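A, B, ... follow the sequence lines: proteins, then strands. Residue 1 opens every chain. Small disclaimer: the values here were computed from a predicted structure and weren't measured. All values below come from the heavy atoms of this structure, side chains included, with hydrogens, waters and symmetry mates left out.
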Amino acid sequence: MANKPSIPKGTRDFVPEQSSKRQFIFDTARSVFQSFGYQPIETPAMENLETLLGKYGDEGDRLIFKILNNGDYLSKVDDEKLRQKDSNALVKELSDRALRYDLTVPFARFVVQNQNELSFPFKRYQIQPVWRADRPQKGRYREFYQCDVDVIGSDSLLNETELLCIIDQVFSKLGLDDISIRINNRKILSGIAEASGLSAYFQQMTVAIDKLDKIGVDGVKEEMIRNGLPEAGVKKALNLINLTGDAEGVLNMLAGAMTGVEEAFRGIDEVRTVLKSLPESTREKVKIDLTLARGLNYYTGAIIEVGHSEFPSSICGGGRYDDLTGMFGLSDMSGIGISLGADRIYDLMEAKNLFPSNLDAGTQVMFVNFGQAEALKSFELASEVRASTMSAEVYPDSAKMKKQMKYANDKGISFVCMIGAEELASGTVAVKSMGTGEQENISMDALSNFLKEKLK
RNA sequence: GUGGUUGUAGCUCAGUUGGUUAGAGCGCCUGAUUGUGGUUCAGGAGGUCGUGGGUUCGAGACCCAUCUUCCACCCCA
């Protein structure tokens, strides 16, 4: 055998069964998004490198897949730079384009570029793959799908409410009722930083406290101090974050500890308003979690993350961003969005056996091929069957009966129709149920109605 | 990017301290049944042991490199 073909690390093929299941997730998300008035858009797999660089932090820049320039790309590079072998400095010389890292930044670019054709608030959803040069591990791929829903051009908190409802509905429809939806607000975090004298270290503070459930209070404290944050401030911040109790209780305690910190009060108000506006059934699933921070630093208000006790990482995340379009030259465009991690949801649903069994709705009726004349007649009847809204196919080759029957069996086809010389002469068709093994002859005229009745 | 782990037939895996011709189950193909799948029975095909070097009289087993898998860190869907 020649060298076995393979695919790049962290990417996957999907066989029909897996693909059907993935489609089920996409379709479910899509139907919910559309029912709330969101419209689909698509953007290219690649963006100009410049569009993406610097939007996700240094760590993010490292994880962006860069596309090598075409043509004689080395001839234009400065000799001195080449000799120094500084990869980072050379990237911009060698690569002008990159694969998209998420859907949010390309969306911001899209909004700025198409602002005159869009009416605001603009509600869009987008289901496309993104690429990250991360090391693969559990729930982590180099190519994966995000299902993004965003509304931009409105700072109403009703959007927060709506997105939480969307999350609730999508996961309910998928059979994942036992998710935990955690919310927080960057204004609260910013207030905590201010009250603790850590404003200058806001980014490091959020990255650290985001790990609280993983490495514990002591771990977070250690990390913050290691990163040079003043110990007194760290202690104060951790005390504030560690408040526990029901939502109202936590918010009240927090408000009490935050006198004079305007920013925090705005955040607390926002959280209160959102919680109050949620339908009861959704509110039950939403918990306020002051340790939720989220690494992406473009978030400015509400932040949302969805997790499941049987999965190590989040399956959905998002938040409000006040100025994402600003970096592309359009300011005053507040937006909020969430992103569902389709691949992680898939893995979780597979582990919990949540996919409906009838998903692979392939062919319902197959016609055995006995030869040219017979196959032509079968082809005709198959069209009739299809016209009666059933799926039908004619086996393309006049292969051995056994092979054709095995094909029908393997493919889970419910009924096999046989039109051989005898049937052709008598105007009948032998219909065999693959489930029961029963077989009966019926007239060709009655076939569609017969099958329709049986397949009900 | 850092640390660890994995790779033997299409799939899941055996393979003793290095020692003849590398095995099993499932799947696949053929036949019993040339117009009947799924069940049963009888046969059969399929592997340069991830790849490239090295140690050795001898390597699927040992060493090095590389790719891949999975896991943790970083970061994240």
Worksheet entry | Donor/acceptor link under 3.5 angstrom from A:Arg132 side chain onto base of B:A77 | yes

Practice problem: Classify the nucleic acid contact of A:Cys316 as base, sugar-phosphate or nothing, counting any heavy atom under 4.0 Å across all strands shown. | Solution: sugar-phosphate

Using a cut-off of 4.0 Å on non-hydrogen atoms, how would the nucleic acid contact of A:Asp343 be classed: base, sugar-phosphate, or nothing? nothing

Within the supplied structure, the quantity of interest is the number of heavy atoms (other residues, nucleotides, ligands) at a distance under 6.0 Å from A:Glu350 CD; does it exceed 12? yes

- Same-atom distance (C1') from B:U8 to B:G4, integer angstrom: 23 Å

For B:C29 versus B:G38, give the span between their P atoms, rounded off to a whole number of Å.
-> 10 Å

When rounded to whole Å, the OH to P distance for the pair A:Tyr298 and B:C75 reads 16 Å

- What about A:Glu423, does its side chain sit under 3.5 Å from the base of B:G35 through a donor-acceptor pair? yes

| message | Check the phosphate of B:A72 against A:Gln137, side-chain N and O only, distance under 4.0 Å to OP1 or OP2. Yes or no? | response | yes

Among B:C75, B:C70, B:A77, the one nearest any side-chain atom of A:Phe144 is B:A77

Which atoms of nucleotides 25-30 of chain B (N or O only) lie under 3.5 Å from a protein N or O atom, and what are those distances?
{"residue": "B:C28", "atom": "OP1", "partner": "A:Lys406", "partner atom": "NZ", "Å": "3.0"}

- Query: Can A:Tyr407 be said to stack with the base of B:G37, given centres closer than 5.5 angstrom and planes under 30 degrees apart?
  - Reply: no

Kindly indicate, with the supporting measurements, whether the criterion salt bridge (charged side-chain N to carboxylate O under 4.0 Å, His left out) is fulfilled by A:Lys406 and A:Asp410. CA-CA 6 Å; A:Lys406 183 167 162 46; A:Asp410 290 348; 3.4 Å; yes

Item to complete: Please work out if A:Gly57 contacts a base, only the sugar-phosphate, or nothing of the nucleic acid, heavy-atom cut-off 4.0 Å.
Response: nothing

Check your understanding: If we take the C1' atom in both B:G15 and B:U21, what is their distance in whole Å?
Key -> 15 Å

message = Can you confirm whether A:Gln18 sits close enough to A:Arg12 that some side-chain heavy atom of one is under 4.5 Å from a side-chain heavy atom of the other?
response = no

Any donor-acceptor pair, under 3.5 Å, between the side chain of A:Gln404 and the base of B:U36, if you only look at N and O atoms? no

Requested in this report: Using the P atoms only, state how far B:C41 lies from B:C49, rounded to an integer number of Å.
Outcome: 34 Å

Taken to the nearest whole Å, CZ/A:Arg142 to C1'/B:C70 is 14 Å

Taking any heavy-atom pair under 4.0 Å as a contact, classify A:Gly139: base, sugar-phosphate, or nothing. base

*asked:* I'd like to know if the side chain of A:Gln204 pairs up with that of A:Asn227 as donor and acceptor (distance under 3.5 Å, no hydrogens or angles considered).
replied: no

More than 12 non-hydrogen atoms from neighbouring residues, nucleotides or ligands closer than 6.0 Å to CD on A:Glu310, yes or no? yes

Notebook entry, point to check: Does a nitrogen or oxygen in the side chain of A:Lys211 sit under 4.0 Å from OP1 or OP2 of B:C74?
Noted result: yes

For B:G58 and B:U17, measure between their C1' atoms and round to the nearest Å.
16 Å

| task | Would you check if A:Asn441 and A:Val429 make a side-chain contact, meaning some heavy-atom pair closer than 4.5 Å? | result | no

On RNA chain B, more 5' by nearest nucleotide between A:Met401 and A:Glu305 is A:Met401

Out of B:C71, B:U69, B:G35, minimum distance to the side chain of A:Lys138 belongs to B:C71

Do the ring planes of A:Phe26 and A:Tyr145 sit parallel (below 30°), tilted (30 to 60°) or perpendicular (above 60°)?
tilted

### Message
Taking B:G1 as the reference, what is the distance to B:U68 when you measure between their P atoms (whole Å, please)?
### Response
11 Å

The side chain to side chain contact (heavy atoms under 4.5 Å, CB included) partners of A:Ser414 (sequence neighbours excluded) come to A:Leu455

State whether the distance check finds a donor on one side and an acceptor on the other, under 3.5 Å, for side chain A:Arg140 versus base B:C70.
-> no

From CD1 of A:Ile338 across to C1' of B:C76 the rounded distance in Å is 17 Å

Atom NZ of A:Lys352: over 12 foreign heavy atoms under 6.0 Å: yes

Whole-Å distance, A:Glu438 CD to B:G38 P, equals 19 Å

Touch class at under 4.0 angstrom, heavy-atom based, for A:Ala421 against every strand present: base

Quiz item: Taking the same atom, C1', in B:C67 and in B:C57, what whole-Å distance lies between them?
Solution: 32 Å

* To do: Give A:Gly10 one of three labels, base, sugar-phosphate or nothing, depending on what nucleic acid heavy atoms sit under 4.0 Å from its own.
  => sugar-phosphate

Any donor-acceptor pair, under 3.5 Å, between the side chain of A:Asn409 and the base of B:G38, if you only look at N and O atoms?
no

Practice task
May I ask you to say what A:Tyr56 touches in the nucleic acid, namely base, sugar-phosphate or nothing, with a heavy-atom cut-off under 4.0 Å?
Solution key: nothing

How far does the P atom of B:G10 sit from the matching atom of B:G47, given to the nearest Å?
8 Å

Heavy-atom nearest nucleotide on RNA chain B taken for A:Pro8 and for A:Leu340; more 5' hit belongs to A:Pro8

- Message: At less than 3.5 Å, do the side-chain atoms of A:Arg135 and the base atoms of B:C70 form a donor-acceptor pair?
- Response: no

Discussion item. Quick one: does any side-chain atom of A:Lys452 pair with a main-chain N or O of A:Ser388 as donor and acceptor, under 3.5 Å?
Written reply: yes

